[in-house]
Amino acid sequence: MAKKQKKFRPKARLPRGFGDRSPADIRATDQMVAKIREVYERYGFDPVETPFFEYTDAMGKFLPDTDRPNAGVFSLQDDDDQWMSLRYDLTAPLARHVAQNVNEINMPYRTYRQGWVFRNEKPGPGRFRQFMQFDADIVGAPGVAADAEMAMMMADTMEALGIKRGDYVIRVNNRKVLDGVLEAIGVVDEGQKLTVLRAIDKLDKFGIEGVKLLLGKGRKDESGDFTEGAGLDVTVIGPLAYLFGNDWQKAFSIDIFKKYLNKIPMLTQSPLIENGLMELENVRKLVRNVGYGSDRIRIDPSCVRGLEYYTGMVYEAELTFDVTNEKGQKVQFGSVGGGGRYDGLVQRFTGQPVPATGFSIGVSRLMTALKNLGKLEDTEMPGPVVVCVMDRDQVGEYQKMVSELRAAGIRAEMYQGNPKNFGKQLQYADRRDSPAAIIQGSDERARGIIQIKDLHEGKRAAAAIADNETWKSERPGQFECDRSQLVEQVKNLTAVKNWLER
RNA sequence: GCCGCCUUAGCUCAGUUGGUUAGAGCGCUAGAAUGUGGAUCUAGAGGUCCCCUGUUCGAUUCAGGGAGGCGGUACCA
């Protein structure tokens, strides 16, 4: 007697940091993407798409001392043993695309794209290992006017998405100023430089006191974990904190910025800083001139951005309201998009300097924020009109009704489950939020009519009925009409009408 | 990676000072009512109490290890 072999059953589970998308998610994303695209198109950008995979060397993602790709990217070797990686952003692939097509591309090249990117990192609240970004870049435009356009387009995009003025801000800064300051105070070690920049980047998260700790000895977090600081001297930390901790909502001017910079000891004349300040001032003038106030685009010395490849202006879109998650916990949201000037990325391939500036919107993150706020538009779609199967030998006729409704632009289907239990069919239609069920049994057929059951109206009318007998005999929302009236009558139902006129 | 919390039915969660039949709400299935979705009532199905090892007469409960989830922090090119 053979023992019953236990069949291997894989556990149905998602890889960490990945998620299925519901109909509501997909529709909401589509809507968001459409709105963003509309803004970009209006600014004169054209789409171009690159694939999910790139050769790892093209993305510049090999670890320094090994022939293995960076651990933060998903990588695999193809059958030629070449390392390929899933793209971790849309900027590196664009640089590759531009380098490969420099001769065909008409510069300045205004281009946008949206798509999934992948990062092999620990996911967090609102952070996934697959997420969607929406990028726009101007390649081949060296002037700060291009950067100003980016900042303005970001602001416009926020508002196009329904985020009110005051609920977001585009923070702008210049890497040249930061680099100049760090150089002046003697931070020349690359590692220390990065630590300082990261510390400043944490301002919104930990406040100025936390940043001071990180600039100095280090900081202990709530769980008791200790983070090593940059080890700067107190004489430098003070003025730095003063510079970055200031509320920069007031109108920016070079003079004010300089005044703060002057409080930093050891800071001398620096062409780098002068140049950076001039660029900031020019951007400020450009955007103010067309009516973008400091409530929308703000010069902010604490805006640093982590990426190393930025060479000039950097910008970041931040939501200024609190975000709570589905469990009611307040969530640190941080930025929902950012970017900057990266004049060196294309040069990596061609040797020729190609100036470029661009930014990226974290669509998934932004959607999470909007969803938690209830700021997502109602994406509900009414279910299909369900044609009930009363007699199996009549499915041809039922399918014809479905076909007529579809031809009129109305979502419709014939019930595909077991038709034996009629109640089941209505229950199905109800759960799909169908506007109507169509009923034609032998009685109706003999009279050449159909029953149209307005399920939405029925639900409303039923609120007053507690007793099932009454509920059944009254048939709330139900009416009959001639078979030939099917499409016309269904079109007249409120839910259907609203949908067709949306 | 590091720190903390958590893991019991499809879902949200009780509970067992270590004891024989492990519970609730919601959901699901069926019936009351076989041609009428809701509400109501009745019944039913559904469990490796995350996994492994140990302690014990006995472990879902205790100990150690592991996995997974959540949160913080680091990293985020």
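A distance of about 7 Å separates the P atoms of B/G18 and B/C62, rounded to the whole Å. The gap from the C1' atom of B/U42 to that of B/C5 amounts to 42 Å, rounded to the nearest Å. Taking atom P in both B/C70 and B/G46, one finds a spacing of 31 Å when rounded to whole Å. When the P atom is compared between B/C3 and B/A74, the two are found 15 Å apart, to the nearest whole Å. A distance of about 16 Å separates the C1' atoms of B/C49 and B/G68, rounded to the whole Å. Between the C1' atoms of B/U61 and B/G54, the separation comes to 15 Å (whole Å). When the P atom is used for both B/C50 and B/G10, the distance is 13 Å, rounded to whole Å. Rounded to the nearest Å, the gap between the C1' atom of B/G25 and that of B/U20 is 27 Å.
Between the CD atom of A/E121 and the P atom of B/G1 there is a distance of 13 Å, given to the nearest Å. Separating the CD atom of A/E228 from the C1' atom of B/U73 is a distance of 14 Å, rounded to the nearest angstrom. Distance A/F74 CZ to B/A77 P: 16 Å, rounded to the nearest Å. A/K220 places its NZ atom 13 Å from the P atom of B/C3, with the value rounded to the nearest Å. Between A/Y88 atom OH and B/C75 atom P the separation is 18 Å, expressed in whole Å. Taking atom CE of residue A/M59 and atom P of nucleotide B/C76, one finds them 16 Å apart after rounding to whole Å. Summarising the geometry, the separation between CG on A/L197 and C1' on B/C75 is reported as 15 Å, rounded to the nearest angstrom.
A/R483 places no side-chain N or O within 3.5 Å of a backbone atom of A/I450 that could act as its donor or acceptor partner. Of the possible polar contacts, none joining the A/S360 side chain to the A/G337 backbone as a donor-acceptor pair under 3.5 Å is found. In this structure, the side chain of A/D89 engages the main chain of A/A92 through a donor-acceptor pair within 3.5 Å.
Pairing analysis of RNA chain B (Watson-Crick: purine N1 to pyrimidine N3 plus N6-O4 or O6-N4; G-U wobble: N1-O2 and O6-N3; both under 3.5 Å) yields stems of 3 or more pairs at B:1-7 with B:67-73, B:10-13 with B:23-26, B:28-32 with B:40-44, B:50-54 with B:62-66.
At a threshold of 4.0 Å, the pair A/E121-A/R16 does not count as salt-bridged, since none of the basic side-chain nitrogens sits closer than that to a carboxylate oxygen.
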Next item on the list: Given side-chain hydrogen bond (donor to acceptor under 3.5 Å, both in side chains), test A/R411 with A/S434 step by step and report yes or no.
Entry: CA-CA 9 Å; A/R411 266 159 59 93; A/S434 300; over 6 Å; no

Check: Can you check side chain to side chain contact (heavy atoms under 4.5 Å, CB included) on A/C388 and A/Y415, steps first, answer last?
Finding: CA-CA 6 Å; A/C388 297; A/Y415 184 70; 5.6 Å; no

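Ring pair A/F118/A/F131: centre-to-centre distance not below 6.0 Å. For A/F18 and A/F128, the gap between ring centers reaches or exceeds 6.0 Å.
Taking only side-chain nitrogens and oxygens, A/R16 comes nearer than 4.0 Å to OP1 or OP2 of B/G69. An OP1 or OP2 oxygen of B/C76 is reached within less than 4.0 angstrom by no side-chain nitrogen or oxygen of A/R129. OP1 and OP2 of B/U73 both lie 4.0 Å or more from every side-chain N or O belonging to A/K202.
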Item checked: Contact letters for nucleotides 34-44 of chain B, in which S counts primed atoms plus P, OP1 and OP2 and B counts the base, heavy atoms under 4.0 Å -> -BBBBB-----

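Looking at heavy-atom distances under 4.0 Å, A/Y342 makes no contact with the nucleic acid at all. Across all strands, A/R127 comes closer than 4.0 Å to base atoms (heavy-atom distances).
Under the 30°/60° scheme for interplanar angles, the aromatic rings of A/Y309 and A/Y342 are found to stand perpendicular.
Between A/T111 and A/R113, the side chains place a donor N or O and an acceptor N or O closer than 3.5 Å (distance only, hydrogens not considered).
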